[in-house]
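Quick note: residue numbers are just sequence positions, from 1.
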Amino acid sequence: MKVYPTNEIKNIAIIGSSGSGKTTLSEAMLFESGIIKRRGSVDNGNTVTDYFPVEKEYGYSVFSTIFSVEWNNRKLNFVDCPGSDDFAGGAIAALNVTDTALMVINGQYGVEVGTINMFRNTEKIGTPVIFVVNQLDKDNADYDKVLLQLKETYGSKVIQIQYPLQCGQNFHQVVDVLKMKMYQWKPEGGVPEILDIPDSEIDKAKELQAALVEAAAENDEALMEKFFEDGSLSEDEMREGIRKGLIARGMFPVVCTSGGKDMGVRRLMEFLGNNVPYVNEMPPRQNAEGKDVSPDPKSPPSIFIFKTTVEPHIGRVSYFKVMSGTIKSGDDVLNEDRGSKERISQLFVVAGQTRSEVSELQAGDIGATVKLKDVNTGNTLNGKGIDNKFDFIKYPNSKYRRSIKAVNEADSEKMMEILSRMRSEDPTWIVEQSKELKQIIVSGQGEFHLKTLKWRIENNDKLAIEFGEPKIPYRETITKQARADYRHKKQSGGAGQFGEVHLIIEPYEDGKPMPEVYKFNGQEFKIQARDVQEHPLEWGGKLVFVNSIVGGSIDARFLPAILKGILGRMEQGPLTGSYARDVRVIVYDGKMHPVDSNEISFMLAGRNAFSEAFKNAGPKILEPIYDVEVSLPAEYMGDVMGDLQGRRAMIMGMSSEKGYEKLMAKVPLKEMSSYSTSLSSITGGRASFTMKFAGYELVPTDVQDKLLKEYEASQTEE
């Protein structure tokens with residue numbers, strides 16, 4: 001493939017719900033552009049874009065796949081994205097490095113939750129969108145119903161470019177109101193016969209063309225003036241208006257295809273080549289400092305790594321977008337994120353796993369290189385004279401957690417190396433070695449996401465692993481005031497140990513004043529704070545440490561040791577061994593020995609006095625609560641709500657959004673363990689959810705009793 005200048009390059013993401021036919025459509029596009037001589041199929045596991053073993057095993061797209069084609073002297077770079085919500089990270093990364101989105105819609109099901117979620121991502125980034133109503137050859141396909149859904153969901157910006165004369169088995173004719181021609185295919189698809197529009201359709205076609213002309217004119221003042229003067233626009237003028245309308249998200253064109261029968265695909269490619277904005281027509285991206293970076297091929301080179309894979313017989317393959325300048329084979333670059341130097345030994349344009357070497361790639365282009373030593377997804381590589389860093393990809397929060405361990409404990413280190421490598425490929429896999437839970441926790445977007453990780457480790461790396469139920473990071477706190485004192489005394493020949501600490505503890509809340517007098521068993525304790533220290537805890541919450549000692553009963557040099565003892569005890573609460581938080585401790589009295597008192601004595605005295613007071617202060621367990629937002633079809637609302645309430649959820653509200661319902665709830669993390677699977681089962685895969693940490697709340701009494709018994713049993717076993 002030749003080297004294309006920036007003003008001849010177009011970057012396009014192919015997105016949509018699972019089952020919309022993106023992979024099959026991509027295969028037809030590769031065939032029509034001459035990249036492949038024969039179309040593969042998902043069922044046969046021989047498509048260009050689903051080429052990884054795990055994709056062939058499960059029959060669905062797991063990774064985004066790049067392919068580049070030449071069409072009418074233009075270069076079209078495509079990224080075919082997974083449709084499953086579990087693999088949304090690949091689609092989000094693709095949308096951030098492309099300039100237009102093809103939103104593929106299943107002609108049988110219309111606008112789905114996946115459509116809405118993907119469209120919401122395009123809104124955040126400002127990506128132009130073209131709707132492709134696909135699979136119109138299927139028995140239950142209904143173009144008119146889909147179009148109505150699109151208009152109800154996205155409004156008057158939805159503009160028809162084409163419409164089919166029939167759907168289902170008789171789908172083979174499409175009226176194109178931009179060309180004002182009818183396209184007709186033989187049963188094998190491919191190159192269409194271009195005919196005049198039948199008399200029976202001409203009035204409808206003219207009406208839709210008038211709407212298209214008006215929509216195209218709305219996005220350019222000169223075109224609007226010409227439209228008012230002449231009442232029409234030429235085809236070239238309409239193309240200009242469509243392109244400007246796409247850039248401004250002022251219109252969302254609708255086209256028709258059957259990827260499986262290769263009908264409408266050639267015309268779609270032509271439409272993309274003529275109407276999609278070029279790289280240099282889109283607003284410039286910003287670097288991490290907020291400065292615009294234009295795709296200028298004459299600037300110093302800067303590339304952004306948006307995808308990394310490890311492929312058999314090759315090793316690490318890094319896929320990138322040239323953000324500025326021109327990158328050439330042999331260039332030395334600096335990894336701005338890691339500070340390491342790299343050499344670009346080879347440059348490729350790709351079509352799935354097929355790579356064609358090129359000498360250089362100009363600003364705006366998408367390509368690949370191999371065997372970079374220290375480069376991960378999200379890194380920026382710069383040539384001399386430039387120090388860009390890009391961090392514009394915002395991945396979704398994790399929704400599914402599992403503990404993970406190697407079946408053979410001796411393989412633990414190897415497992416961590418594999419997980420680290422896989423995390424560099426897919427940043428939506430989160431790996432945490434939890435000191436608190438004494439588990440390795442791996443988090444992802446859903447059950448299938450982690451199932452895929454497990455399959456790859458066991459089949460590609462030949463390492464047996466097992467998933468388990470992750471422990472919950474509970475917290476412990478107190479609900480009332482308590483007082484305790486403790487004397488640590490030890491004598492064993494020579495210098496002994498002596499320290500005595502008297503303290504009061506109470507629940508702490510930000511802004512809550514400290515009383516001047518505390519009462520316990522009819523006795524008053526007057527407090528005069530000499531020093532107040534707030535210690536934010538790394539696990540959340542605070543310890544407030546108050547020095548209220550008068551008369552020098554404890555020397556000031558021993559207070560840090562008392563504090564150290566208390567902090568050490570807060571790392572293992574008395575109820576379940578969980579971290580304690582949000583406690584105010586007032587040290588008001590104690591005793592010293594002129595010879596035997598030392599730091600360790602007061603550390604132990606402080607630790608034990610705190611422990612005794614904590615047990616008498618109405619200790620309670622706190623659990624992590626998450627804000628959960630579910631998007632779902634209205635007919636499943638009752639079942640989904642019932643399932644959430646069975647998970648101790650507190651329903652916070654409901655709303656309708658563009659044809660789908662939205663349900664907001666606060667749910668304990670403990671109850672979200674299998675929610676991804678359950679929601680998919682209830683709704684047939686037609687719902688999605690997000691979850692975000694909200695805070696800690698007290699567990700109900702019955703749940704606390706159960707947790708205490710479980711902890712006691714586990715301690716007995718140990």
Side-chain angles (χ1 to χ4, degrees), residues 21 24-25 28-29 31-33 39 71-72 102-108 110 130-148 150-151 158-217 231-243 245 251-276:
T24 304
L25 179 63
M29 294 166 83
F31 176 74
E32 287 292 347
S33 58
R39 290 185 294 142
W71 193 270
N72 291 344
L102 284 190
M103 180 73 78
V104 184
I105 295 177
N106 189 321
Q108 303 169 93
I130 297 168
F131 290 112
V132 182
V133 185
N134 191 34
Q135 301 195 52
L136 287 171
D137 59 304
K138 300 298 183 183
D139 287 338
N140 296 323
D142 188 337
Y143 174 83
D144 291 334
K145 181 181 177 181
V146 174
L147 182 69
L148 181 62
L150 287 172
K151 287 183 176 292
V158 174
I159 302 295
Q160 292 183 81
I161 303 295
Q162 300 168 339
Y163 69 90
L165 293 190
Q166 296 182 81
C167 296
Q169 295 298 317
N170 293 321
F171 172 75
H172 70 293
Q173 295 171 316
V174 166
V175 172
D176 190 302
V177 300
L178 175 57
K179 288 284 193 182
M180 285 304 284
K181 292 290 182 181
M182 185 177 78
Y183 290 73
Q184 180 173 289
W185 292 271
K186 294 179 180 178
E188 66 273 13
V191 180
E193 187 179 0
I194 302 175
L195 305 169
D196 290 334
I197 297 173
D199 292 343
S200 59
E201 296 294 326
I202 197 69
D203 289 343
K204 179 179 179 180
K206 285 181 177 179
E207 182 182 343
L208 291 175
Q209 187 191 45
L212 172 60
V213 170
E214 186 173 350
S232 65
L233 298 175
S234 68
E235 186 178 332
D236 285 342
E237 288 167 337
M238 280 196 284
R239 287 175 180 168
E240 182 183 353
I242 291 170
R243 189 154 58 249
M251 66 184 305
F252 306 125
V254 182
V255 297
C256 305
T257 61
S258 165
K261 289 190 174 179
D262 190 13
M263 295 180 181
V265 179
R266 177 176 286 265
R267 172 62 184 130
L268 171 62
M269 299 282 285
E270 182 183 274
F271 180 81
L272 298 176
N274 289 333
N275 297 280
V276 164

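- The two atoms that bring Gly259 and Arg39 nearest to each other are O-NH1, 3.3 Å, heavy atoms only.
- Closest of all the heavy-atom pairs between Ala205 and Val177 is O-CG1, 3.7 Å.
- The closest donor-acceptor contact from the side chain of Arg239 to the backbone of Phe271 lies at 3.5 Å or more, if one exists at all.
- Atom CE in Met180 sits 10.0 Å away from atom CG in Asp196 (nearest 0.5 Å).
- Residue Ile159 holds its CD1 atom at 7.0 Å from CG of Leu212, rounded to the nearest 0.5 Å.
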Just do the side-chain contact (heavy atoms from CB on, under 4.5 Å) check on Leu272 and Leu102 with the steps written out, would you?
CA-CA 10 Å; Leu272 298 176; Leu102 284 190; 3.6 Å; yes
Pair Gln162-Val133, side-chain contact (heavy atoms from CB on, under 4.5 Å): steps then yes or no:
CA-CA 10 Å; Gln162 300 168 339; Val133 185; over 6 Å; no
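- Around CD of Gln166, the count of heavy atoms belonging to other residues, nucleotides or ligands within 6.0 Å exceeds 12.
- A salt bridge between Arg266 and Glu270 is absent, with no side-chain N of the basic residue lying under 4.0 Å from a carboxylate O of the acidic one.
- Here the side chains of Ile130 and Asn275 are not in contact, with every heavy-atom distance at 4.5 Å or above.
- Atoms CD and CG, from Glu235 and Asn274 in turn, are 7.5 Å apart once rounded to the nearest 0.5 Å.
- By the 4.5 Å heavy-atom criterion applied to side chains, Val146 and Val254 are not counted as neighbours.
- Around atom NZ of Lys179, more than 12 heavy atoms belonging to other residues, nucleotides or ligands sit under 6.0 Å away.
- To the nearest 0.5 Å, the span separating CD on Gln184 from CE on Met263 amounts to 10.0 Å.
- Around NZ of Lys138, the count of heavy atoms belonging to other residues, nucleotides or ligands within 6.0 Å does not exceed 12.
- Residues Pro253 and Met251 come closest through the heavy atom pair CD-O, 3.6 Å.
- Side-chain contact between Met269 and Ser33 is present, with at least one heavy-atom pair separated by less than 4.5 Å.
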Worked check of side-chain contact (heavy atoms from CB on, under 4.5 Å) between Gln209 and Met238:
CA-CA 10 Å; Gln209 187 191 45; Met238 280 196 284; 4.1 Å; yes
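- If you take SG on Cys256 and OH on Tyr143, they are separated by 4.5 Å, rounding to the nearest 0.5 Å.
- Between the side chain of Lys181 and the backbone N or O of Asp176, no donor-acceptor pair lies under 3.5 Å.
- Looking at every heavy atom in both residues, Ala28 comes nearest to Asp262 through CB-OD1, 4.0 Å.
- In this structure, Gly168 and Ala141 approach most closely via the heavy-atom pair N-CB, 4.4 Å.
- The two atoms that bring Val158 and Leu150 nearest to each other are CG2-O, 3.6 Å, heavy atoms only.
- Within the 4.5 Å cutoff, side-chain heavy atoms of Ile242 are placed close to those of Leu178.
- With salt bridges taken as basic N to acidic carboxylate O contacts below 4.0 Å, none links Asp203 and Lys206.
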Could you go step by step and tell me if Val265 and Trp185 meet the side-chain contact (heavy atoms from CB on, under 4.5 Å) rule?
CA-CA 11 Å; Val265 179; Trp185 292 271; over 6 Å; no
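- Taken from CG in Leu165 to CG in Leu136, the straight-line distance is 11.5 Å, to the nearest 0.5 Å.
- Judged by the 6.0 Å distance and 45° axis criteria, Lys204 is positioned over the aromatic ring of Tyr163.
- When each of Asp137, Thr24, Asn134 is tested with Thr257 by the rule side-chain hydrogen bond (donor to acceptor under 3.5 Å, both in side chains), just one qualifies, namely Asn134.
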